[in-house]
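Computed from a predicted structure; not experimentally measured. Residue numbers start from 1 in every chain, and the chains themselves are labelled A, B, ... in the order their sequence lines are given, proteins ahead of strands.
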Amino acid sequence: MRTRFAPSPTGYLHIGGVRTALFNWLLARRHGGQFILRIDDTDDSRNRADAVKPIIDGFAWLGMTWDEGPTPDASGESTGPHAPYFQGQRNDQYEAAAMRLLAEGKAYPDYTTPEQQAAARKQADLARKPYVHRGTNRDTAAEENVRQYTAAPAPLLLKVELGQSVKFDDAVKGKQDISTDTIRDPMLLRGPDASGLCRAVYNFATVVDDSDFDITHVVRAIEHLSNTPTQILMYQALGATPPTFGHIPLVNYNGNKMSKRNLPPLSNDEIAKFKTCGWTDDEIKGREDLNIATVAYYREIGYLPEALINYLCRLGWSMDGESEFIPLDTLIANFSLERVTDAPGNYDAKKLFWLQGEYMKLIPPAEKLERCLPFLRRAKLIDDAPSDDVRAKLLRVIEASGDRIKLFSDVLAFAAPLLKDEIEYDPKAREKAFKDPAAKELLREFAEVLGTCEPFDASSTDKALHDFAAAKGIKPNALVTPVRIAVTGSGVGFGLFDTLAILGKEASRKRIAVTLAAV
RNA sequence: GGCCCCAUCGUCUAGAGGCCUAGGACACAGCCCUUUCAAGGCUGGGACCGGAGUUCGAAUCUCCGUGGGGUCACCA
């Protein structure tokens with residue numbers, strides 16, 4: 001089994017595309033086949049490397065490896081027995097295939113002018129009939145067409161045999177049967193451009209490539225379903241066997257297409273989050289691809305690729321009636337086109353976030369630390385090479401944070417108050433906690449008690465606080481919040497006694513003193 | 001408009017004529033636990049688009065509506 005994914009180089013990797021690629025990849029992996037990555041850049045744009053890199057980087061991050069395709073450095077080189085894997089570098093093959101069809105009388109040049117075509121289309125519209133284009137030299141003999149084409153290149157069209165039907169069994173949609181009378185003579189090669197080059201049209205390039213690459217299964221978005229009969233006709237003309245097709249439903253957002261237009265701009269929370277990650281306003285604005293439809297967004301904000309993969313695969317496919325958390329090896333062992341759903345699905349950020357949390361619970365603290373490091377560096381909370389002391393402190397923060405760290409970037413919120421020397425107060429929380437003047441006095445007295453804790457660890461400070469509260473006849477919680485705010489500036493965070501222990505006696509008491517002076 | 005695809009809780013889905021008083025998950029609400037925030041436990045509300053037909057029996061099959069989507073390019 002050989003499957004493929006063929007993105008056009010747009011400069012970012014869209015998660016809808018990733019899902020399509022994932023289905024192909026899973027199929028190949030399950031059946032011990034190959035997954036091929038091909039870049040559909042038939043317009044041969046100049047900045048190809050820039051536009052391809054995000055796609056390649058995205059797949060690399062996701063761990064979706066390809067057996068043949070562009071080299072990982074995005075240089076425009078390819079690896080694999082059918083190289084190159086860039087359509088922009090393959091026009092010779094398309095031309096050769098087209099010339100063969102021309103010589104065999106299966107294709108012909110079309111000298112219809114755009115004006116003639118527009119008029120014919122209009123007439124059909126008026127008659128409320130579908131317009132099915134057939135070109136001028138359709139019934140001209142092959143040799144004559146070759147002669148005319150050589151003398152005056154023009155769009156080359158495939159001659160569709162009338163009165164036939166194209167039948168195929170879609171692996172997702174089931175049996176299809178289309179009359180050739182409704183299929184226009186499709187273009188194979190465009191007319192010559194300014195430099196005289198006749199570039200292949202997408203449909204034809206795809207067929208030539210998929211046939212050359214021995215692709216056996218083409219899983220793609222349902223919007224291509226109506227292209228399929230045309231492509232099958234091309235396969236037949238080329239004397240090739242069409243692959244098995246599987247057309248999968250779309251991924252929508254709130255019932256609409258997941259295009260940039262319909263997507264919400266980054267929320268204030270998200271922008272704030274990126275800023276705490278060390279991004280500047282300009283950097284955020286400069287990243288056109290920073291939205292929930294791209295892989296880059298999830299990588300930058302600290303998602304786990306396995307969570308994204310699990311989520312995307314479950315969107316439009318199910319293993320059974322209840323499995324939601326499905327690790328990759330299970331996905332590979334069970335994925336099949338039969339269980340792809342018929343209806344389009346809606347992207348649900350909350351469910352992805354939940355899965356992310358589930359996957360995060362599985363990451364051991366030491367590994368979590370390693371993967372948090374880049375975020376801490378970017379936020380300038382640590383040096384490029386943090387000392388062992390800092391690493392040890394961070395590990396304690398991560399252990400104390402537990403499941404609270406859902407995204408790797410969340411580490412910043414927990415580590416920053418303990419790493420920075422200055423306390424950044426949440427004004428509202430501080431005001432509320434010290435509204436009652438008695439709170440300040442209690443805090444002052446408790447700071448003295450803390451000074452006697454030995455050793456200064458979570459259990460000793462815990463006991464000290466509870467004993468102190470009991471002696472004073474107050475609820476422990478009446479003291480916990482003021483202390484928390486005094487040492488971290490924030491009303492929320494992981495366990496207070498862990499916080500104190502990580503800070504140490506000196507720093508804890510010093511921070512309380514600073515706060516006392518400030519309120 | 002022609003042709004094609006689709007239709008189960010807010011969302012993702014299970015459902016192949018009786019297992020359906022329609023199951024699970026996310027989200028939501030309430031309660032419990034608790035040191036705030038998470039996590040965890042328990043409980044709850046919540047759906048077969050409408051109408052005909054076939055059948056002893058329909059979420060499931062057929063038809064008609066309705067609603068959504070796709071496609072009709074020298075875009076990919």
Side-chain angles (χ1 to χ4, degrees), chain A residues 6-10 40-43 87 110 114 117 121 124-133 154-157 170 172-174 176 178-179 182-184 186-193 198-203 205-206 221-229 247 249-252 254-257 311 314-325 339 341-355 357-358 361 401-406 410 413-414 429 433 462 465-466 469 475-481 483-485 488 490-499:
Chain A
S8 44
T10 50
D40 279 9
D41 56 346
T42 55
D43 61 357
Q87 288 194 330
D110 179 20
Q117 212 174 129
R121 192 181 299 275
D125 277 355
L126 254 36
R128 291 204 294 157
K129 291 231 175 172
Y131 176 65
V132 183
H133 183 72
L156 204 64
L157 268 45
D170 191 276
V172 176
K173 293 293 165 195
Q176 311 286 320
I178 294 91
S179 162
T182 67
I183 302 174
R184 63 157 285 173
M187 192 176 290
L188 270 23
L189 256 34
R190 288 174 242 251
D193 64 14
C198 294
R199 285 163 37 230
V201 151
Y202 163 77
N203 262 325
T206 294
I222 187 133
E223 60 197 278
H224 293 286
L225 184 60
S226 52
N227 280 335
T228 306
H247 289 92
L250 261 55
V251 177
N252 288 146
N254 289 161
N256 295 307
K257 214 172 166 190
Y311 176 72
R314 255 302 269 114
L315 181 53
W317 176 83
S318 68
M319 191 165 86
D320 50 47
E322 47 196 73
S323 303
E324 300 289 346
F325 179 90
R339 290 194 65 88
T341 55
D342 290 326
N346 276 283
Y347 170 82
D348 180 1
K350 288 204 168 123
K351 190 151 186 176
L352 201 208
F353 186 70
W354 168 75
L355 269 171
E358 295 302 297
K361 286 176 188 169
S401 300
D403 298 339
R404 293 171 183 85
I405 296 177
K406 306 266 195 193
D410 288 338
F414 296 104
D462 188 340
L465 186 139
H466 281 86
K475 286 184 186 167
N477 199 19
L479 194 50
V480 166
T481 302
V483 175
R484 179 188 295 285
I485 288 164
T488 67
S490 169
V492 298
F494 52 78
L496 173 64
F497 306 110
D498 287 326
T499 305

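- Residues A:Asp110 and A:Leu157 come closest through the heavy atom pair OD2-CD2, 3.5 Å.
- Nucleotide B:U66 is matched to B:A7 when pairs are restricted to Watson-Crick or G-U wobble geometry with both distances under 3.5 angstrom.
- Pairing of B:C37, defined by two Watson-Crick or G-U wobble distances under 3.5 Å, is not identified with any nucleotide.
- Which of B:U71, B:G24, B:C72 sits closest to the side chain of A:Arg121 comes down to B:C72.
- When distances are taken from the side chain of A:Ala343 to each of B:A7, B:G2, B:C74, the shortest belongs to B:A7.
- Summarising the geometry, the separation between CG on A:Asn256 and C1' on B:G70 is reported as 14 Å, rounded to the nearest angstrom.
- Residue A:Lys361 places at least one side-chain N or O closer than 4.0 Å to OP1 or OP2 of B:G40.
- The CG atom of A:Asn203 sits 13 Å away from the C1' atom of B:C74 (whole-angstrom rounding).
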How would you summarise protein contacts on nucleotides 58-63 of chain B per nucleotide, using B for base, S for sugar-phosphate only and - for none, with heavy-atom distances below 4.0 Å? ------
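- Within the nucleic acid shown, A:Gly402 has no heavy atom closer than 4.0 Å to any nucleic acid atom.
- When both pairing distances are held under 3.5 Å, B:C42 makes a Watson-Crick or G-U pair with B:G30.
- Counting any heavy atom pair closer than 4.0 Å across all strands shown, A:Thr341 reaches sugar-phosphate atoms only and no base atom.
- When heavy atoms are screened at a 4.0 angstrom cut-off, A:His247 is found touching no nucleic acid atom at all.
- Across the protein-nucleic acid pair, A:Asn252 atom CG and B:G10 atom C1' stand 16 Å apart, rounded to whole Å.
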What string of B, S and - do you get for nucleotides 25-38 of chain B, 5' to 3', when a contact is any protein heavy atom under 4.0 Å? BSS-------BBBB
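- Heavy atoms of A:Thr182 sit nowhere under 4.0 angstrom from any nucleic acid atom.
- Side-chain atoms of A:Tyr202 lie closest to B:A76 of the nucleotides B:A76, B:G40, B:U13.
- The salt bridge (Lys or Arg N to Asp or Glu O under 4.0 Å) check on A:Lys406 picks up nothing, with sequence neighbours excluded.
- Contacts of A:Asn227 with the nucleic acid, taken as non-hydrogen atoms under 4.0 Å apart, include base atoms.
- Listed nucleotides: B:C4, B:A76, B:U11. Nearest to the side chain of A:Leu225: B:C4.
- Taking the side chain of A:Asp342 as heavy atoms from C-beta on, and the options B:C6, B:C12, B:C4, the nearest nucleotide is B:C6.
- Residue A:Lys257 has its side chain nearest to B:G70 when only B:A76, B:G70, B:C6 are considered.
- When rounded to the nearest whole Å, the span between OH of A:Tyr347 and P of B:G69 equals 21 Å.
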